[in-house]
Amino acid sequence: MRLKERLTCRICNCERAALGKHVRVHGLTSEEYKRRFQVAHMSSEATRYRLGRNAVRRGWGKIAWTEERILRTIRRLARQGRSLAMLHVAKDFRNLLAVAQERFGSWRAALAAAGVAYVPLRVSKREFHWSREKVLSAIRDRRKRGLGLNCSTVRKENSQLEAAAGCYFGNWGKAIQAAGLDYASIRRKAPEHRWSKKTILAEIKRLAAAGASLQPKDMQKERDTHLLYRAARIYFPDWKRALALAGVDFRAHYARPTPWTRQRILEAIRAEQASGQSLQRKDVRARNPKLDKAVYYLFGAWKNAFRELGLDPQGIRLPHVWPRERVVALLQERARRGRPLASRVTDAEERGLVSAARERFGSYAAALRAAGLDPAVLKRKRYWTRERVIARLQERARQGKQSGHGELAADDRSLLAGVQLCFGSLVVARKAAGVPAPVRKPTPPKIWTRERVLEELRARAKLGKALSTRRLRAENSSLMGGAVGRFGTYRCALEAAGLDPERIRLRPRWTRERVVDALLERARAGKSLRPRHVGLEHMGLLLATRRQFGSFWAALKAAGLAVPAR
């Protein structure tokens, strides 16, 4: 059905694709026009359809996936000759695969409903079935080759062997003992002692007698006390229960600090003043940050607390150790010593001098004038003029320095900024100064030979530089082009240079061991092991399980995990 392209104005009978702006000519708004002539839309059907399609294409809207739309999309892909294997659909049309599995139960059922033949994409992999004898043989083989046999090392290098040992023997230690080896000597870190309720209570009593803090935050700071705290949490319901059984009053160690009140704050400030401590906020905050927070919480500002105590906030903020004479003397001393007098440098080296100068003289420039110094001379800014730029370029030419863009960027960036400001370009500035352009030697093009490509790759590997495809293309695209041109592929160039392409990849390939490790990691993290949830969070892992093991359930079985109810 053909959609209407235009609407007719009910007032002047003109035709427009949309009437929203047109009705303003008649002194009406869109809402008033709709109410007056009882119309629902201010734009034509074709315009509304076009805007809706653009919104969906740009991600502003969302088209609902119905069963008819799913089947229509599958038939269209089949007519176009696209591969409908589940692996390829998951890579190119992930949303279609997800909604098809949700609506029809499986991708095979969705293809059957669309009248399309199901063509599975199988990856031929040799299945390896573990047994008790194969586990023991693998353990003895690792022993013979000198590889680590502790549980953590085996889990990193061959997690499938560790999972099979747990499946057939219960745990890795029992498998080691069944192989005729002493697991106590194989363990990487033998515990110094095994915790028990008796040893835990004895250690708590010893720490309490020594006067150590038994608060949880203090117990977790040191390694020894952290191990004690963790063991107590395992053997007892909580840390308080462990302290009570050890005969320690936990209230003394869980005592809450006395809450701050206005009276307590004033007493603390008087104590600080009586002890001769500085009452400036930065000093109090460094000594007692809790007092600083309490003052701002209960008084709003330090000056309010000072006024309640009858103190002058101005005199406390700027101690009388900075009279006008001392400010002038320090500025003159810095000038005699040749130190910079810019406000930023002075404040960094003589903290408090700049603020005292501003308080006593109104501004830092006025303090400099009182000290007999000219603030205009001390300004760090340079105001470039055309004459000054020309003089500097001619001076560089007399010194034998070139005035190219690279040389100025390295030697005198301020001059380069002046050139851009006064002349617009370096070429115009050199012509005005009569300075010749720098002579550049033509760089001969690099001719990549097979030997040169191999030397460059080995040199990068020796210096520890990245050799992945993405990093090399970004840093040295010429070398990448030479490697591909001379060897056909970058992988062949790496192999010819004696480098392992698998170790250079930023993202390692999915192997059976890596798939098992990822599944065990999800199980330890308490995440769902259903294929749908795994695919939504990590589609690469789901596809890898099917490539390496044939199905997701076979991968779970190889990892020694229970298959969830379907």
Side-chain angles (χ1 to χ4, degrees), residues 62-78 82-130 155-156 158-168 505 507-566:
K62 184 177 181 182
I63 297 179
W65 282 98
T66 60
E67 293 186 2
E68 292 77 10
R69 183 167 177 258
I70 294 171
L71 299 178
R72 188 169 60 251
T73 305
I74 292 174
R75 296 189 188 104
R76 178 173 56 81
L77 294 177
R82 303 295 294 266
S83 173
L84 292 178
M86 190 173 179
L87 177 65
H88 297 158
V89 175
K91 181 179 179 181
D92 300 333
F93 307 98
R94 183 174 178 179
N95 292 339
L96 174 62
L97 176 62
V99 295
Q101 290 176 338
E102 181 180 356
R103 293 298 180 91
F104 295 92
S106 65
W107 179 245
R108 185 193 295 266
L111 291 179
V116 179
Y118 176 74
V119 182
L121 180 65
R122 299 189 179 276
V123 181
S124 59
K125 290 289 182 179
R126 181 183 176 184
E127 296 292 340
F128 184 83
H129 299 285
W130 287 99
R155 185 179 292 115
K156 291 178 182 178
N158 192 348
S159 59
Q160 191 175 1
L161 171 60
E162 193 264 342
C167 180
Y168 285 102
R505 288 173 59 91
R507 295 181 179 178
R509 296 182 182 273
W510 283 103
T511 60
R512 295 173 68 90
E513 292 77 11
R514 186 167 174 236
V515 170
V516 172
D517 285 342
L519 292 175
L520 292 174
E521 183 65 27
R522 286 186 65 86
R524 285 193 291 269
K527 296 182 179 180
S528 173
L529 289 176
R530 294 182 179 275
R532 179 182 175 187
H533 299 159
V534 174
L536 290 175
E537 298 178 8
H538 201 328
M539 179 57 72
L541 173 59
L542 178 62
L543 299 178
T545 58
R546 292 167 179 167
R547 286 198 304 269
Q548 300 294 336
F549 295 92
S551 68
F552 182 76
W553 313 110
L556 286 181
K557 188 176 180 181
L561 300 173
V563 177
R566 303 191 187 184

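Looking at L556 and F549, their side chains never come closer than 4.5 Å, going by heavy atoms from C-beta outward. In this structure, R69 and T73 have side chains that are in contact, with non-hydrogen atoms separated by less than 4.5 Å. Inter-residue side-chain proximity for T545 and V534 is flagged as unmet; no heavy-atom pair is nearer than 4.5 Å. Residues L77 and L96 meet the side-chain proximity criterion, which asks for heavy atoms closer than 4.5 Å. Side-chain contact between H88 and F93 is absent, with no heavy atoms from C-beta onward closer than 4.5 Å. Considering only heavy atoms from C-beta on, Q548 stays 4.5 Å or farther from T511 through its side chain. Between L71 and F104 the shortest side-chain heavy-atom distance falls below 4.5 Å.
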TODO: Show the numbers, then the answer: is there a side-chain contact (heavy atoms from CB on, under 4.5 Å) between M86 and R108?
DONE: CA-CA 9 Å; M86 190 173 179; R108 185 193 295 266; over 6 Å; no
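In plain terms, the two heavy atoms of L542 and P531 that are nearest each other are CD2-O, 3.7 Å. Heavy-atom minimum distance, L561 versus L519: CD1-O, 3.8 Å. Annotation for L97 and A90: closest pair CD2-CB, 3.4 Å, computed over non-hydrogen atoms. W107 approaches Q101 most closely through the heavy-atom pair N-CG, 4.0 Å. The two residues A113 and R75 make their nearest non-hydrogen contact at O-NH2, 3.9 Å. A114 and I74 make their closest contact through CB-CG2, 3.9 Å (heavy atoms, listed as atom of the first residue, atom of the second, distance).
For H538, the ring pair (Phe, Tyr, Trp, His ring centres under 6.0 Å) partners two or more places apart in sequence, or in a different chain, are W510. Not counting sequence neighbours, the partners of R155 by the side-chain contact (heavy atoms from CB on, under 4.5 Å) test are C151, E162, R524.
In this structure, the side chain of S159 engages the main chain of E513 through a donor-acceptor pair within 3.5 Å. Proximity of a side-chain donor or acceptor of Y168 to a complementary backbone N or O of A163 within less than 3.5 Å is not detected. Judged purely by atom type and a 3.5 angstrom limit, R522 uses its side chain to pair as donor or acceptor with the backbone of S528.
Separation of atoms CD (Q160) and CG (L520) is listed at 10.5 Å; rounding is to 0.5 Å. Interatomic distance, E68 CD to R72 CZ, rounded to the nearest 0.5 Å: 8.0 Å. Within the model, atoms SG of C167 and NZ of K557 stand 8.5 Å from one another, a figure rounded to the nearest 0.5 Å.
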